[in-house]
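No experiment lies behind these values; they were computed from the predicted model shown.
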Amino acid sequence: MSTKYVYLFSEGNGKMRELLGGKGANLAEMTNLGIPVPQGFTITTEACTRYYEDGEKIAPEIEEEINQSIAKMEEIAGKKFGDINDPLLVSVRSGARASMPGMMDTILNLGMNDEVVVGFAKKTGNERFAYDSYRRFIQMYSDVVMELPKSNFELIIDEVKEKKGVKLDTELDAEDLKELVVRFKNYYKEQLNSEFPSTPHDQLMGAVKAVFRSWNNPRAIYYRRMNDIPSSWGTAVNVQAMVFGNMGDDSGTGVAFTRDPATGENKLFGEFLINAQGEDVVAGVRTPQTIDELKGIMPEIYDQFAKIADNLEKHYRDMQDMEFTIEQRKLYMLQTRNGKRTAAAALKVACDLVDEGMISEKEAVLMVDPKQLDALLHPQFDAKALKAASPIGSALPASPGAACGKVVFTAEDAVEWHNKGEKIVLVRRETSPEDIEGMHVAQGILTVRGGMTSHAAVVARGMGTCCVSGCGEVVMNEEEKYFELGGVTIKEGDYLSLDGSTGKIYAGAIPTVSAEISGYFGRLMGWADEIRDLKVRTNADTPADAKQAAEFGAEGIGLCRTEHMFFDTDRITAMREMIVSKTEEQRRAALAKLLPMQRGDFEALYEALGGNPVTIRFLDPPLHEFLPTAEEDIIALAKEMNITVEDLKNVIASLHEFNPMMGHRGCRLAVTYPEIAEMQTTAVIEAAINVKKAHPDWDIVPEIMIPLVGELKELQYVKSVVVKTADKVIADNNSDLKYKVGTMIEIPRAALTADEIAKDAEFFSFGTNDLTQMTFGFSRDDAGKFLDAYYDRKIYESDPFAKLDQDGVGKLVEMAAKLGRQTRPDIKLGICGEHGGDPSTIEFCHRVGLNYVSCSPFRVPIARLAAAQAALKFPR
Ligand code: PEP
Ligand code: MG
């Protein structure tokens, strides 16, 4: 049977998401449920894929199916496309499998032309409305399909208004709108050298192609990369009969959620505009009324809507985000989907739905996006400092959290300042999808226009970025880069603080404190912990980080980078002294200074983890990160070492490496200078003995990890130094302490020979940062400079340093795990590269049977939840 590319809403259902996209599947499902939905059809995601396979062309058989579907739609609606008496007008919208808000383009009122508009005016008895619909269509079509800038059409509108001496669009009458239509079409012809398409069929095909193309616009590509959506999915296209919310005061349009998307409160929440067309609410151009107010204005419609909302939530067993239109007191549902929500709301809704008996605990665990938890764990304003501060204004609390940073006015500046290391707050009149990168790097976002469902609000909530929207009191001067609010002038670069939970805006910087975690968080995490197989450890180098991680539920330290313990200015000198030592004597003198510092730090780490396992990795300092470069540092170091500056400079020059990441680092240091491993072993073992004395009931078994091993004999050599030293320290102290020696698997050769390495390694920890660097052969320090080009050219879809490359690097991990287990069946396997906190990588680690993941403290809860989701999706 040949592939079917087009489905009427009545032919689909909610399960056909992959084929019909989220919007199309839900429109079909609502149709099946008997909910009032304007009828139409969905062109499948397969048609989109086919469009690209065919060299960006719509195949004749697909076009034929579209024509047949229009004919069926005409039958259902009792109206005809292009009919000059009672025309069928349609909307064309994109709808991918995963919701991508604001990423794709929409065209309304398609089917209009010079004849149709006359008939439409007669039929509706409203000439102004008809011509307004027509000019909106020309504008949208020109913008979305032909990429003529919207703003140039706005300029034409301004000219007509000026000529007439009026300020508002609503003051233009039918004659003015007719003039606009003519001017718009002239402008179109001038710019494109062709007439505006007048047949509905041509218009439709142009629009369908535009939606397919929009799948690959830069905003969509960026959004996909941020949300792990593969480009191979494609988007569906929904063609739906128009209903009009702008037919007078008995019409309107709105967006509503079945629960409050910011707090999760179980209460219908939303906004609507009377006498407005679809996109006006989402675009945030006019400030809408709350859904509660609809009760007073059209009580029977409100009741009908509330009932539908309730039914939809029960049907989908999740909070719904719905769009509706009222056309002359008749309600139509245009869309429903599982609503985006803040992290706090996600937890409350998940727990509430369990308590309401709607879902199981397992379903609740699957319902929350692990990445979202980030927002919950991030700082809030220090309460005392906040009390002392007085706001200069307030607006809608669109996305919670506290933000403090320097003000910039454009998304480009946001990215530029961010890259220079600044924390920034982005202030915009309103945001649009073009601003997405700037929004992503911002601490917080402030907009002058727009409601709780405006673009800024929806996108910021999705990202977990603090956002205050719709602050109409702001007087903006974007040109000269300043704004005024509450009598205060804020210039570019000035500090601004935003409270996304209260909507308050403060001049200056307010200090922030760690987040307080709600009871819902604890409940959900409790369920997750019962389900998951993977243990979750943390990468921590300081007792403070370790404590924070333990509070977030870390079950041990998977990686302590001992060289990081010497980043402090008062400690780095001793570390540098060790590195630049020319003789063993000098080196031992420097190591003697390091020993007590290390021992003290290790004691604090064991204490912070309360007896849980702690993996301490031996020194791995890529020399370029540690050698002094500033003149004053060199002078100070020479003084400390009692050598001349000249002498020291010569040593530094001799240590210069062309490729420090592949240089004299990792276990290579201990091979050349075994005294380093001796000192570190002494510190690890002595610290453990001391802490065990204080806590005899703790089962402390230090795990010593040798980095950058690529050959068994290399490991054996360093291990022999460790064992000799450790056993002596233990004997000298009359202790019975046990310890383990293992290795990182971070060099491809180690992965390839993992069966050999496992002879002497009691555990493996996959160092996927170096393993990625060395498998791809590009530097972790420099890849950022060229990876963007790889995303643009769709060679890579995501950053392999953030999300594990499962096909290549992952293959090495899987193979090494298998080989390691062959030699040593009880070998402990973990991951400690940055990937350890990435949900898709965690799922991979679960599937290949690792024992634990280790990640930075703030990602521990994310990892706990992601591990549980992996266990539910892939039972071991
Ligand atoms: C790694 O390479 O993945 C790792 C954890 O070690 P580092 O980042 O310190 O090189
Ligand atoms: Mg490494």
Do [X] and [Y] have side-chain N/O donor and acceptor atoms under 3.5 Å apart?
X    : Y    : value
E555 : N612 : no
Q598 : Q680 : yes
R537 : T615 : yes
T672 : H664 : yes
Y606 : D601 : no

Under-4.0 Å salt bridge between [X] and [Y]:
X    : Y    : value
D541 : R617 : no
K728 : E678 : no
E797 : K794 : no
K818 : D755 : no
K738 : E703 : no

- When you measure from the centre of the six-membered ring of Y673, is the NZ or CZ of R587 under 6.0 Å away and within 45° of the axis? yes

Donor-acceptor pair, side chain of [X] and main chain of [Y], under 3.5 angstrom:
X    : Y    : answer
N539 : C832 : yes
H418 : I424 : no
E563 : D620 : yes
N769 : G833 : no
D545 : A540 : no
T775 : V809 : no
E814 : K811 : no
Q586 : K582 : yes
R821 : D826 : no
R864 : V860 : no

- Close side-chain approach of I676 to F618, heavy-atom, < 4.5 Å: no

More than 12 heavy atoms from other groups under 6.0 Å of [atom1] on [X]:
X    : atom1 : result
K692 : NZ    : yes
R793 : CZ    : no
K740 : NZ    : no

- Partners passing side-chain hydrogen bond (donor to acceptor under 3.5 Å, both in side chains) against E686 (at least two apart in sequence or in another chain):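 By the side-chain hydrogen bond (donor to acceptor under 3.5 Å, both in side chains) rule, E686 matches R599.
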
- Task: Start with the C-alpha distance between M705 and L559, add both sets of side-chain angles, then the distance that settles side-chain contact (heavy atoms from CB on, under 4.5 Å), and finish with yes or no.
- Result: CA-CA 9 Å; M705 180 152 78; L559 173 65; 3.7 Å; yes

Atom [atom1] of [X] and atom [atom2] of [Y]: how far apart are they, to the nearest 0.5 Å?
X    : Y    : atom1 : atom2 : result
L373 : K371 : CG    : NZ    : 12.0 Å
D533 : F874 : CG    : CZ    : 13.0 Å
L655 : N650 : CG    : CG    : 11.0 Å
I795 : F786 : CD1   : CZ    : 11.0 Å

Residue pair [X] / [Y]: nearest heavy atoms and the distance that separates them:
X    : Y    : result
L594 : A574 : CD2-CB, 3.5 Å
C845 : I831 : SG-CG2, 3.8 Å
V580 : L648 : CG2-CD1, 3.8 Å

- Message: Is there a side-chain contact (heavy atoms from CB on, under 4.5 Å) between E657 and R665? Walk through the geometry before answering.
- Response: CA-CA 11 Å; E657 292 180 321; R665 57 176 288 224; over 6 Å; no

If you look only at distance, which donor and acceptor atoms sit under 3.5 Å apart when one is on a side chain in residues 760-767 and the other is two or more places apart or in another chain?
{"from": "D760", "atom 1": "OD1", "to": "Q716", "atom 2": "NE2", "distance (Å)": "3.0"}
{"from": "E762", "atom 1": "OE1", "to": "V741", "atom 2": "N", "distance (Å)": "2.9"}

- Member of E756, E714, E711 meeting the salt bridge (charged side-chain N to carboxylate O under 4.0 Å, His left out) criterion with R749: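 Going through the options one by one, the only one that passes is E711.
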
- Could you check L804 against D838 for side-chain contact (heavy atoms from CB on, under 4.5 Å), going step by step and ending with a plain yes or no? CA-CA 8 Å; L804 190 77; D838 165 63; 5.8 Å; no

- Task: Apply ring pair (Phe, Tyr, Trp, His ring centres under 6.0 Å) to Y796 and list each qualifying residue two or more places apart in sequence or on a separate chain.
- Result: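 Testing Y796 for ring pair (Phe, Tyr, Trp, His ring centres under 6.0 Å), a comparison that skips the adjacent residues, returns F776, Y790.
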
